[in-house]
Structure formats: C-alpha cells, structure tokens
Amino acid sequence: MPTTQHLQLLAPLSGVLMPLDQVPDPVFSSRLIGDGLCIDPTSQTLCAPMAGVISNLQRSGHAVSITDDRGVQVLMHIGLDTVNLAGKGFTRLVEEGQRVEAGQALIEFDADYLALHARSLLTLMLVVSAEPFSLLTPDTGLVESGQPLLRLNLAEQPANAASAPEGEALFSRQMILSNPNGLHARPAAVFAQAAKGFAASICLHKQQASANAKSLVAIMALQTVQGDALQISAVGEDAELAIKTLAELLAAGCGEAVAAPVVSEPVAVVEAPSLKVLRGVCASPGSAFGRVVQVAEQSLEVAEFGADQAVERRHLERGLFQATQALQGLCDNATGDAQAEIFKAHQQLLEDPSLLEQAYALIAEGKSAAFAWRNSTEATAELFKKLGSALLAERAVDLADVGERVLKLILGVQDSAWVLPEQAILIAEQLTPSQTAGLDTSKVLGFATVGGGATSHVAILARAFGLPAICGLPTQVLSLASGTQVLLDADNGELQLDPDLAVIEQLQAKRQQQRLRHQRELEQAGLAACTRDGHHFEVTANVASLPEVEQAMALGGEGVGLLRSEFLYLERNTAPSHDEQAATYSAIARALGPERNLVVRTLDVGGDKPLTYVPMDSEANPFLGMRGIRLCLERPELLREQFRAILSCAGLARLHIMLPMVSQLSELRQARQMLEEEALALGLKALPKLGIMIEVPAAALMADLFAAEVDFFSIGTNDLTQYTLAMDRDHPRLASQADSLHPAVLRLIASTVKAAHAHGKWVGVCGALASEALAVPLLLGLGVDELSVSVPLIPSIKATIREVDLRECQAIAQQVLSLESAEQVREALHRHQQTAVVSSLVLEN
C-alpha cells in the first residue's frame, strides 16, 4: 500500500487571499492549469513557497515554476496578461536550474507599473503536479509572505506503478507556432490538459529539445516564441488520434486568438518506419541520391588533475601552436576568400585572452592542460548559446571545433578517419567546419544535420565545395540505418527516405544537364554578354583580393565592379600603411589593364565589420549607426589616406571610386571635396569617376538629385532590401522573407535607373541579386547597364544574358512591378524562364 507524506507550502508574497473561483480568467478559475489559490499582493517580491529547483523561469519574468525532489511542481504567475509586458516591470533574482530554499526571493516586480499596464495584479500559486491539498488558513483575509499556506498530501507510488506505452512513435509534420507570446501558461495549460485526455505518451518537440506534452511546466520550459517550428510525437493505442487532435489545437492557438495558422504543410501523421520525408532548411543548394552514413565525433578521455604547472602550461602552449600551424595550412590551401576567412577566425579564437586566462587559471589550480582548455572552451561556447543570438550560437560551433582541435593535440590523439563508401550522404548531429573542410568530395555527395544554420561556417564551406546540405532536421534522422538509400533534395530542404525511382531518374537527368550546361558556359566564358537582339551588357566581378581578380579575368570577367577595400583593413591590429594600400591597388589595376573598369569602394566598416584600431562607441543598432561613409567622414584622415592610395593607381585601369552608405548630398559633396584636394596635391589633372552605392532607401528616392552630381550608381541590393523591408537579412526567421525580389525593392531600382539615365549616367548592380540567374532578365528589363557578380558565377550570368531578348525582359519587368510579393515575382520569373528555354530550343532547331 502507498504511504502518505505531507509538504507545507509558504505564502509567496503578502496580500489578500482569494479563491481561484474569483479570478477573472477562465483558464485559471476553471483550474485548467492546476488547483491552488490567488493573492492580491501588497508586497513586491515573489518568494519560493518550498525548496526545490527552478524548473522554468519565463524570459519575461512574469511566471516561475519550482520542482522539489519528489516531483511536486508549483507554478507562480504574477498578474494577468503580464506576458504582454515583455519583461518590463520584472527583475529576475534567480536562474533556471538553480536550487532555492523555501522563502528565498525569486522575482521583484514594480506593482505600480503592472497596475497601469496589465489587466490585473492578481498573483496565482498553483499545484500543477495535481497533489491534493488543504488550506492552513482561511481562504479569504490577509496573509504574510512566508506564512504556512497549503498542506499537500504526497502519496508514494509503488516502483512499478506505471509503464511506458508500447508501439512505434508517430510524428506530426512540423508546425509554425502562431501564438504571439509563445506557449506561455495559458495556452500551455490548454495543450497539456488536452494531452492528458489520451492514454498515449506524448511529446512536444522544438528543434533538439522536447517536453512531456502532459506537463505544463515542461511545455513552458521549452521557452517557445512565435515562429518556432514545433512537432508532436506520440506512442500508444490512441497516438494517431492524439496527434491529429493536438496538431489542430496547436494550429488554432490553444485558446488564444492567433493569425491564420502557419503549417509547413498540411498536418499529417506518419509512422516512423514508413516516414517518407524529413524536412529541414537548405544550407547549400543542390541534390544527390546516395546511401546514409551516420558519423559522430570520437569521445575523448580527459584527466582532471595534472602534473607540474609548468609542464601543463607547456602542453597547452604546444597544442595552441600546432593548432595555429594547422589552421594556417587550411587558410593557405583554401580555394576562396570565404573559406580562408573561416579559418582565420579560428586562429583568432586561439589568441582570445579570455579563453587563455580561464585555462591558465585552472592549470594554476592543479588541473591538467586538457581539462583546463576543454573547460574554458565549453563554458564560453555554452555562454554563446544562451545569449539568444543565432549568430553567436553558430560561433559556438566554431569555438567547439577549435577547442576539439587543440584538445586532440594536447592528448596526442589522432583524428579517427571516417570509413566512407562511395555515394555517401553523411548524417550527423552537427558537423564542424574542420570536418567539413576535410570531406572527401569524391565519396561524399552531401550531408544532413540536426543542428547548424544556413549562415553557419559549415554551410559556407558546403556551398564552396558544391555539396548539397540540409540543416535543422528532426532528431529522427539520427536513427536512420547506415546504408539506407535517400534522396537529398537540399533545394527544397527535404531528405526523402524512400525515393521514387522516376524522381531519381529525373534528378540524375537534371544534374547531367546542369553539368553539360556548366561545361558549355566555361567554354564560352570569353564571349561577350549580348542578348539575342544584340544589346551588350557588361558583366564584372565582386572581388576582395588580387587572386580573385585574376580568377575573374580567366572566367570572362570584363572588369571589377566592386573591389571591397576593407579586406586591407580587417583581421589586423593596425591600419594598413599608404605603401601597402598603394601597392595592392596598383597590382589589381595592372591585372585589369587600361581598358577595363576598376570600381574601388571606399572603406565600408562599422555595423557587422568593426575595426579593432578605430575606437567606436557601443551602439544599440550598429547597422543604423556609424558605418560606411559616415564613419569615414567622422575620421577624415582615414578616408584621405585611402584616397591617396587609390589615386596612385590612376592610369593603370579605368579607375572609379565608389562611396558606400551615402544617404545625404552633403556626404557626397564633402567626400568629393576631399578627393579633389588629394588629387590636386598629387598633381593629377583628371579626377577618377566618382559614384555612390544605392543601398539606403533615402538615396534611391533622391536619385534624381544625386544623379546630377555623380558619374555612376551601383545598387547594393543586400542592404537596400534590408533597409527597405526593415528585416535583418541574417535573422533566422526573417531571412527567407528579406527577398530582394520584393516589389518595393524593385520599384526603388526602377526609379534609380530612370533618374540616372535622365542625366546620362550608368547604373550597375553589385548586390547578390545580380548573381542570381533568375533575376537577370528582370534587371536588364529595368534598364540596368552593368552586373557585378560573384566570381565563380561570371560564366553563368553571361550565358543567361545571351539567352534572353531585351524586349521580352522589358515586358516581364513592367509586369512584375505591379505584383504584391516576392513570391509572386519569383513565380512570374520562373514562368518567363521556362518560356525563354522553349523559345531558345525552337530557335536552335
């Protein structure tokens, strides 16, 4: 027979006690979340009613849950609808996972602020684990914080009281959460209550985390936010009905008013063994058919304590030196600047003073070099993950990679080589940049991971190697048996587990066509980019080094449309000297020759590209602060020095100077005056052409005024899109919507071209849109004169121009300007592309 024990709960704050029936919120008053009581507070500090662990603490600070060692869960919720305050008025005094004592202060709140901005101050204390209780004080009247309030009756369960349901796990499709404040207490309670109505064991999944769907606290601990991708799984007799019901409930908002539910596809239930498709996010485009190879990082044994401190310091220093040398080798052998920059960043991590200080401090305490290094890197990586920044979370992967590299060198452990068959599709929890860089692309056709992101260094490397890749897959992918045949369709973010033979044949035929087309493009790279009706367009290159310039010329580039001069300034502790700059610009100009354009963009730093040797104040939003021309005009000697260095190559190529981030005519005029003064001092009789980037909406809207004072425009579609749509292009949930084919962006491009041509000035596009073959007919139709593109894509963009008719391009351009969304524009361009292919085949035959 089970025995009964008791637990006493203290009043979490002082105030007037009220029964739940009087709470003006049906979810609480109906005891959907749990039974308990309500206090109208007269104090402003919420305290722990019992000892236990903080099992959930909402980011907004309005609710907190405590779980004791016997599994009792108590939720305290300060005020009604206070989740909408987004943390204002609350001060959290504890952290999730922290053990607290009964009576310990948990949250302070500003009662005056809450009274003005929330529906009510009524504070709930609910026993969500459903233990029966009795009141130790009348249910009305005053209570004091810390006063004994409830007595819980705890029945001990026999050890074999419950068993897990048997059967295969069923999974719903991924769903996008619509609730404005995520699954906070109210919708979480509705979901958990509905889940309790089923016998099946049910889990709610968010990326790699999961929660018992019948536990309110567990659901809240997922810390969901609007836009999260969620999935439901269930095991048991009624699992299919449970998933169907709960998926519909989740889509409908769990009792909250939400916008039309967003589902990645119609909700369907599939058994794990017969699951056809796993969905994630495209990290690198392309597709491949092959066999699953599950890979994992080897486990390393590390002794905590070391020998002599001096010996352990030498071990660490040797490991750091050898790792630096290895990374330098990767930099030297990189096939492009993007890959090289990744491993330069890894080298910088090895020099980070904070990491080294932590490691040396642990060695001084008697720890081994391996233990000290692993501890410092893991702690810092964990900190990155908790800061709420997707970018920092991805950098945590880089830090883990660097940490593992040094750790193996300290321990003298050789990398265990993966034994890979032909046509391998790698499956992993996560790959590191080092692992990706070392892949044998003769055997590996692509990879799919649970972790990672489209902006991660692993994704950048995959794109550089031409390997299709998917990230963000559900964890079921890790249970696929090695040898399973799969179709990796990265373009659609899908891993097809039982691909249809016809689909595979179609894919292979398409890939063969792409290979033949690419080969033909390379063979014809030297041909001019002339449309079928005889209009020539200049295709130039976006570059950041002399080797890239040389590669661009070999691939048929007609000049440099964007030289990113900041490559001379980044990744160093002092500014480049005049001689170093002048020598670099002159070498690039000589490689081009006097008949080709060289467009040098002046220093574009600030925002996401700060300089260590240029002091800058911390900014709440650096992308709207001191960057580009603003920073250079504030530090005029920096700009004057660069002007002098650029002018030294005048005459070696057709020199153009371009100013970034211009939004006001006064900025252009001030920079022009400085350029004229420097040219006069050097005795130059003719100034190089001076233009501006159109990447701020203000410049596009005033293009008619700018056009009278510049020699050319170059449109930076990346920033122009970001600023026009007010969407961070690196935001994990908004990046797909920050599309340069949005009609608002296209209208700004059209008006810029019209203003420039009215003054006889040419317009180029140097942003990512120019490198997208689908957008080429549109840009030509809008009147753009030059496309400056990513170096490897020069042959493809030139070939695309040769396949189109300018009149047809102008027609499609006018058509899409009246559309409503980027999706509609892309659909129209795809239709135009298909028509153009048919027309081209007719002409050839």
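We use all heavy atoms of the structure for the numbers below, so side chains are in, but hydrogens, waters and symmetry mates are not. Since the structure is predicted, the reported quantities are computational estimates derived from the model, not experimental observations. Numbers here simply count residues along the sequence, with the first being 1.
Contact annotation: the side chain of V397 never approaches that of L431 to less than 4.5 Å [non-hydrogen atoms, C-beta and beyond]. The closest side-chain heavy-atom distance from R564 to R601 is below 4.5 Å. Residues L445 and L488 are not in side-chain contact: their nearest non-hydrogen atoms beyond the backbone lie 4.5 Å or more apart. Taking the side chain as every heavy atom from C-beta outward, L473 and T449 never approach each other to under 4.5 Å. Residues F537 and V784 are not in side-chain contact: their nearest non-hydrogen atoms beyond the backbone lie 4.5 Å or more apart. Between V825 and L829, some side-chain heavy-atom pair lies under the 4.5 Å cut-off. Residues Q824 and P743 are not in side-chain contact: their nearest non-hydrogen atoms beyond the backbone lie 4.5 Å or more apart. Looking at heavy atoms from C-beta onward, S284 lies out of side-chain contact with V458 at the 4.5 angstrom threshold.
Taking a 6.0 Å sphere around CZ of R517, one finds it holds more than 12 heavy atoms contributed by other residues, nucleotides or ligands. Remark: H757 NE2 is packed, more than 12 non-hydrogen atoms of other residues, nucleotides or ligands lying under 6.0 Å away.
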Pair N597-T540, side chain to side chain contact (heavy atoms under 4.5 Å, CB included): steps then yes or no: CA-CA 8 Å; N597 281 356; T540 58; 5.5 Å; no
Derivation of the side chain to side chain contact (heavy atoms under 4.5 Å, CB included) call for V444 and F465: CA-CA 11 Å; V444 177; F465 298 152; over 6 Å; no
Trace of the side chain to side chain contact (heavy atoms under 4.5 Å, CB included) decision for V295 with F447: CA-CA 10 Å; V295 294; F447 60 84; over 6 Å; no
C649 vs L655, side chain to side chain contact (heavy atoms under 4.5 Å, CB included): CA-CA, chis, key distance, verdict: CA-CA 8 Å; C649 72; L655 182 61; 4.0 Å; yes
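No donor-acceptor pair closer than 3.5 Å links the side chain of R291 to the backbone N or O of T484. Between the side chain of R596 and the main chain of V560, no donor-acceptor pair closer than 3.5 Å is present. D785 contributes a side-chain N or O that, together with a main-chain N or O of V763, makes up a donor-acceptor pair within less than 3.5 Å. Judged by distance alone, the side chain of R463 and the main-chain N or O of A283 form a donor-acceptor pair under 3.5 Å. With hydrogens and angles ignored, the 3.5 Å screen pairs a side-chain donor or acceptor of Q294 with a backbone N or O of V477.
If you check the side chains of Q512 and R515, you find a donor sitting under 3.5 Å from an acceptor.
Across all non-hydrogen atoms, the minimal contact from M693 to G716 is CE-CA, 4.0 Å. Smallest separation of non-hydrogen atoms from G446 and L467: N-CD2, 4.1 Å. Considering every non-hydrogen atom in both A828 and L819, the closest pair reads CB-CD1, 4.1 Å. Considering every non-hydrogen atom in both V804 and P777, the closest pair reads CG1-CG, 4.0 Å. Nearest approach of T724 to A744, heavy atoms of both residues: CG2-CB, 4.1 Å. Residue S479 comes nearest to Q476 through the heavy atom pair OG-O, 2.7 Å, listed as atom of the first residue, atom of the second, then distance.
Here CG of L546 is found 11.0 Å from OG of S586. Values are rounded to the nearest 0.5 Å. The NZ atom of K761 sits 8.0 Å away from atom CZ of F713, with the distance rounded to the nearest 0.5 Å. Note that CD of E538 and NZ of K798 are 10.0 Å apart. Values are rounded to the nearest 0.5 Å. The structure places CD of E558 at 11.0 Å from OG of S788, a figure rounded to the nearest 0.5 Å. From S740, atom OG reaches atom CD of E772 across 8.0 Å, with rounding to the nearest 0.5 Å. Summarising the geometry, atom CG belonging to D398 is positioned 9.0 Å from atom CZ belonging to F343; distances are rounded to the nearest 0.5 Å.
Taking the six-membered ring where tryptophan is involved, the planes of F712 and H656 are perpendicular, since the angle between them exceeds 60° and thus also 30°.
Of the listed residues (R405, E404, H346), just one forms a side-chain hydrogen bond (donor to acceptor under 3.5 Å, both in side chains) with S434, and that residue is R405. When the options L793, V765, I794 are evaluated for a side-chain contact (heavy atoms from CB on, under 4.5 Å) with S771, the one that passes is L793.
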